[in-house]
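Notes follow once the structure below has been shown.
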Protein chains: 2
Amino acid sequence: MPVATDRSPNAERQRDAVFLPLYKQIKSLLVQRLQQGEWKPGEPIPSELELAARFQVSQGTVRKAVDELAAENLLVRRQGKGTFVATHQDQEPRAQYRFLRLVPDDGEAVPTQSSFLACRRTRAPADVAQQLALRSGEAVIYVRRLLAVGGAPLVLDDIWLPAALFRGLTSERLAEYRGPLYGLFEAEFGTRMIRADERIRAVAAAGDVAALLAVAPGSPLLLVDRVSYTYREQPVEVRRGCCVTTHYHYHNELF
Amino acid sequence: MPVATDRSPNAERQRDAVFLPLYKQIKSLLVQRLQQGEWKPGEPIPSELELAARFQVSQGTVRKAVDELAAENLLVRRQGKGTFVATHQDQEPRAQYRFLRLVPDDGEAVPTQSSFLACRRTRAPADVAQQLALRSGEAVIYVRRLLAVGGAPLVLDDIWLPAALFRGLTSERLAEYRGPLYGLFEAEFGTRMIRADERIRAVAAAGDVAALLAVAPGSPLLLVDRVSYTYREQPVEVRRGCCVTTHYHYHNELF
DNA sequence: GAGTGGTCTAGACCACTCC
DNA sequence: GAGTGGTCTAGACCACTCA
């Protein structure tokens, strides 16, 4: 399936609606196939040489496309083995908890316990609907989860998901699943989280939240508002987390 | 100045103390020259062809080294013009305020007013000394700065810098300088911030801090503990910021 | 040993910038 | 038009993995 057989880029390609370098076009085609589920999370994609043959370009061009996708964490390269679709169900914890920035002040990451306090179908509040690019009042699944470590509550998450994409998500399935939520989402619902935006604030704990987190009302909490996106910048999760940061902190690296 | 004239990498290079791909070696040499100030912030580095000739490698190899340095924000490529040393004094605000993640909840970034409440030479507290890789009690410069927007206090920063690197930093120089602090640091003291680690918590405002930020004691504040590094992972700044997040939030993007 | 990604080269041509 | 970074190719060889 040639993308542009002509060697002089402008001659053939500038007539296209959008002119892009070959490797960007290849990249876009790869994302399209990922989105369509041609290769599933954890599976290998075809080798560079095969992709080069398939797209009628040189290996170097495929390479550059794959390099960028690997840099964006959509693909994972493993020398000698192949290139794999990134997954939240991976073995390595850094891949598994890629989006978890809350870490203990000292010592290593400790396994957390999840308990699900709610999981029900409801109508999207206006702000949530807007962030999910849904019409106001459209069906969403609302989940409330308490994360604890060593019995001490750490995070209270309120999560909204488009009901259309997560049909069949119940408390039972949530409770029985081991590992990160995003692993469940991609394995059971075919929705893979690629990117997220977070807005972070300090707030005073309201009464009900304070009770669930076992802190005094008015205690300072870290409020993390997240919107997660799947392929092609499609928003698929709104999450509001209240975190107790007495022994944990949010870690971030600036470049 | 050849890095490895031999074409078979292992034959010659594996005898070296560390074996690295050619482009990593080039990259390291470039960082070394940046660190030594051979090319100053904002200035162009030699063209790819010239570097290739100088290091006795192909343009492609230089290119890969420069690509990585550009990805790490040490260099900035501009097509048709050249490759430049990144700077905090740049025109574009996104480059200028690269490390500022605090943004207004709505609307565009508004210019802030800095006032410097303290700037004095003192001994490093134990924790600061450790983070700066100094001996406990070694001389540091302590700066306290209040950031306000439209007259309303927004951030109170406490900053510690190794006195050895920032000799001559005074309240006067701070007050008369326009633009980001890191611009002053790189222009006047030759220390360029490359990377930073941040630890973020929610805390209750203590009395003195609350007064300076014009909030009630006990109000929730975002506490941002930052350690900044210059070339070669050398820590050169410890900063503790207390932020009022009623109309601003800390923005972060996860990949 | 076959197959995969990783490095390196040499050369062609393109797009952009500035004189 | 000269010089710069940006794209693309073709081919060689290397390092790693696994059967």
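Protein chains get the first letters and strands the later ones, always in sequence-line order, with residue 1 at the start of each. Heavy-atom basis, side chains included; hydrogens, waters and symmetry copies ignored.
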Checklist entry - Separation of A/Leu49 atom CG from D/dA10 atom P, in whole Å? => result 12 Å
Next on the checklist: Rounding to an integer number of Å, can you tell me how far A/Asp67 CG sits from C/dT7 C1'?
Outcome noted: 12 Å
Next on the checklist: Counting only side-chain heavy atoms from C-beta out, which of C/dC8, D/dC18, D/dG5 sits nearest to B/Ser58?
Outcome noted: C/dC8
Next on the checklist: Measure CZ/A/Phe84 against P/C/dG5 and give the value in whole Å, please.
Outcome noted: 9 Å
Next on the checklist: Please pick, from C/dT9, D/dT7, D/dT9, the nucleotide with the shortest atom-to-atom distance to any side-chain atom of A/Tyr23.
Outcome noted: D/dT7
Next on the checklist: Heavy atoms only, 4.0 Å cut-off, all strands: where does A/Arg78 land among base, sugar-phosphate and nothing?
Outcome noted: sugar-phosphate
Checklist entry - Which nucleotide sits closest to the side chain of A/Ser47: D/dG6, C/dT9, C/dG5? => result C/dG5
Checklist entry - Whole Å only: how far is the CG atom of A/Leu20 from the C1' atom of D/dG6? => result 14 Å
Checklist entry - Parallel, tilted or perpendicular for B/Phe166 and B/Phe189, by the 30°/60° rule? => result tilted
Item to check | Closest nucleotide among C/dC8, D/dC16, D/dT7 to the A/Lys64 side chain | outcome: D/dT7
Checklist outcome for this item: B/Lys81 atom NZ is separated from D/dA2 atom P, nearest whole Å, by 22 Å
Checklist entry - Out of C/dT7, D/dT9, D/dG6, which nucleotide sits closest to the side chain of B/Arg63? => result D/dG6
Next on the checklist: Hydrogens and angles aside, do A/Tyr177 and A/Glu188 bring a side-chain donor and acceptor to less than 3.5 Å of each other?
Outcome noted: no
Checklist entry - Between B/Leu75, B/Val85, B/Thr83, which is the residue that forms a side-chain contact (heavy atoms from CB on, under 4.5 Å) with B/Trp39? => result B/Val85
Item to check | Candidate nucleotides D/dT9, C/dT9, C/dG5, ranked by approach to the side chain of A/Thr61 - the nearest | outcome: D/dT9
